[in-house]
2 protein chains.
Amino acid sequence: MSSRERRKDGGIPSGVVTRLPIYLRYLTELRDQGVGRVSSAQLGEALSFTAAQIRSDLSYFGSFGQQGYGYDVDELLMHISRILGLNRTYAMVLVGAGNLGKALASYENFRKRGFEIRAIFDVDEILVGNYHACCVIQPVEELDQYLKENPTDIGIIATPGHVSQDICDVLVANNVPCIWNFSPVHLQVPDEVIVEHIHLTDSLLRLSFRLNEQRHRD
Amino acid sequence: MSSRERRKDGGIPSGVVTRLPIYLRYLTELRDQGVGRVSSAQLGEALSFTAAQIRSDLSYFGSFGQQGYGYDVDELLMHISRILGLNRTYAMVLVGAGNLGKALASYENFRKRGFEIRAIFDVDEILVGNYHACCVIQPVEELDQYLKENPTDIGIIATPGHVSQDICDVLVANNVPCIWNFSPVHLQVPDEVIVEHIHLTDSLLRLSFRLNEQRHRD
DNA sequence: TAGATTGTTAATCGATTAACAATC
DNA sequence: TAGATTGTTAATCGATTAACAATC
């Protein structure tokens, strides 16, 4: 199947989407080291993937290499950047200005990539009115009105679990297409809404599971 | 294949390990709501999995249900807790006391589950000596000596990318079996070391990819 | 007992990999 | 040209699902 035909059926498999940012990161590293060219075998070696998988992943989007040569690092980097949508900016709102929310708002790398936190909301009256990183913290009751006036691509939920579904509903009702969820809750959203969960505790539990795994063996 | 036999071959598939914490979280919610019993069909409905997948996942570890009845919520919760290793505590060190590191150290839920940050390290002389949450922040040069004197289960890396491999090497050299990595780097570790990556930027890029996905379709 | 739901098997589906013709 | 490596096909592998006998 050619890449053109492949694109027609459903979406891109999630495994592919998971690996693209990994490729991007490593290619950026190579470029910063002044490496100009790389083969799928070399990429695979460095990232613990097979060469075939890397070529297969890239072929969903086009032909970026050259037989007998491999890939031009700068060129491939440019293609993957575009594929991931890095050729534009994204407007974000952050809900929840606790320790984690503040850490996210302070993280410069997001803005550098074009992901801009444009407003911060919290319930805590003590926090409201304070400047943090980019913005004044606003009362959460104003989230709905803000979203009506300001088109927003990504809503970041960094609230305690018991309010996150309510916040999510407000975001969805105002057509925010993407949710970045840091609360320990399985959010209910319509099919068309895109959600990425950062479940920190789940990740820790995967560590403790693997650490104790031998116990479950015979 | 019986669960007993299944356990003999390699490890548990990573998909199963990913879903166990999700089951745990939802079962906890049910228990807190006073729900005493649940079927695989109900679990699947709530979490968008098939009932068969849930039964298949659980069967890796034993038989926890009853035909015609389903699962006792408390009992299943107890089993999954043990499977995930929640019947003990874990000693952790945190390296990197920036915004994100501080947020992690302040997060009470980890400690409640038995994941205890026992020491914090940073390069920044201004931070060193300050108390944060549980512990005094120590100079990173003392990490090696600390690990030699204090058995540690999990090393948390919340440093800038350019030093994270060095920190990782110190952790590995001192037999820390698990790494929880928040830095935007693909760490090189021996096969037996267990690594969980929280790559925040990768997660954002998956959002922007999905948001722009239709552009790549015909 | 009749109804419900498990745990497991066998069938299906999808993802990964090996192989290779094409070609730089 | 000879050597290297792509993009793609076909084969393999593993994960998911549907179906059902067992049984509470």
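Here is the naming used below: chain letters follow the sequence lines, and residue numbers restart at 1 for every chain.
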Student: State, to 0.1 Å, how close B/Ile80 and B/Tyr23 come at their nearest heavy-atom pair, and which atoms those are.
Tutor: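 For B/Ile80 versus B/Tyr23, the nearest heavy atoms are CD1-CB, 3.9 Å.
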
Student: Give the rounded distance in Å between these two atoms: OH of B/Tyr60 and P of C/dT9.
Tutor: 12 Å

Student: Using a cutoff of under 3.5 Å, can you pull out all pairs of nitrogen or oxygen atoms linking the protein to nucleotides 20-24 of chain D, with atom names and distances?
Tutor:
{"unit_1": "D/dT23", "atom_1": "O4'", "unit_2": "B/Gln67", "atom_2": "NE2", "d": "3.3"}
{"unit_1": "D/dC24", "atom_1": "O3'", "unit_2": "B/Gln66", "atom_2": "OE1", "d": "3.1"}
{"unit_1": "D/dC24", "atom_1": "O2", "unit_2": "B/Gln67", "atom_2": "O", "d": "3.2"}

Student: Compare side-chain N and O positions of B/Thr50 against OP1 and OP2 of D/dT17 and report whether any pair is under 4.0 Å apart.
Tutor: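 Result: yes.
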
Student: Which of parallel (below 30°), tilted (30 to 60°) and perpendicular (above 60°) describes B/Tyr90 and B/Phe115?
Tutor: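 Correct class here is parallel.
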
Student: Write down the distance between CG (A/Leu43) and C1' (D/dT6), rounded to a whole number of angstrom.
Tutor: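 Answer to the nearest Å: 13 Å.
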
Student: To the nearest 0.5 Å, how far apart are CG in A/Leu147 and CG in A/Asn175?
Tutor: 9.5 Å

Student: Round to the nearest Å and state the distance from A/Phe49 atom CZ to C/dA15 atom C1'.
Tutor: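 Nearest whole value for this atom pair: 14 Å.
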
Student: Check every atom of D/dG7, C/dT8, C/dT6 against the side chain of B/Tyr71 and return the nucleotide holding the closest atom.
Tutor: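 For B/Tyr71, the side-chain atoms sit closest to C/dT6.
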
Student: Do B/Lys148 and B/Asp144 meet the salt-bridge criterion of a basic N to acidic O distance under 4.0 Å?
Tutor: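 A salt bridge links B/Asp144 with B/Lys148.
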
Student: Atom CG of A/Leu76 to atom C1' of D/dT6: distance rounded to whole Å?
Tutor: 13 Å

Student: Taking any heavy-atom pair under 4.0 Å as a contact, classify A/Gly15: base, sugar-phosphate, or nothing.
Tutor: nothing

Student: Quick check: closest heavy atoms across A/Ala105 and A/Leu94, and the distance to 0.1 Å?
Tutor: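 Looks like CB-CD2, 4.0 Å.
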
Student: Assess whether a salt bridge exists between A/Glu108 and A/Arg111, defined as any Lys/Arg side-chain N lying under 4.0 Å from an Asp/Glu carboxylate O.
Tutor: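 The answer is no: the pair does not qualify as a salt bridge.
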
Student: Do the ring planes of A/His197 and A/His186 sit parallel (below 30°), tilted (30 to 60°) or perpendicular (above 60°)?
Tutor: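 It falls in the parallel class, under 30°.
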
Student: Whole angstrom is fine here: how far is it from CD1 in A/Ile54 over to P in D/dT6?
Tutor: 9 Å

Student: So, is A/Ser56 near the phosphate of C/dT16, with a side-chain N or O under 4.0 Å from OP1 or OP2?
Tutor: no

Student: Are B/Phe110 and B/Trp180 near enough that their ring centres are under 6.0 Å apart?
Tutor: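 Judged by ring-centre distance (under 6.0 Å), B/Phe110 and B/Trp180 do meet the cut-off.
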
Student: Which residues in residues 16-40 of chain A have at least one heavy atom lying under 4.0 Å from any atom of DNA chain C?
Tutor: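 Going residue by residue through residues 16-40 of chain A, the ones with a heavy atom under 4.0 Å of DNA chain C turn out to be A/Arg19.
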
Student: How long is the line joining CD of A/Gln53 and P of D/dG14, in whole Å?
Tutor: 14 Å

Student: Which part of the nucleic acid, if any, lies within reach of B/Phe64 when heavy atoms closer than 4.0 Å are counted: base, sugar-phosphate only, or nothing?
Tutor: sugar-phosphate

Student: Watson-Crick or G-U wobble partner for D/dA22, using a 3.5 Å limit on both distances?
Tutor: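 Across all strands, the one nucleotide that pairs with D/dA22 is C/dT5.
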
Student: Using 30° and 60° as the class boundaries, would you call the ring planes of B/Tyr146 and B/Phe121 parallel, tilted or perpendicular?
Tutor: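 Perpendicular, since the angle between the ring planes exceeds 60°.
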
Student: Return whichever of B/Ala52 or A/Asp57 has its heavy-atom-nearest nucleotide of DNA chain C closer to the 5' end.
Tutor: B/Ala52

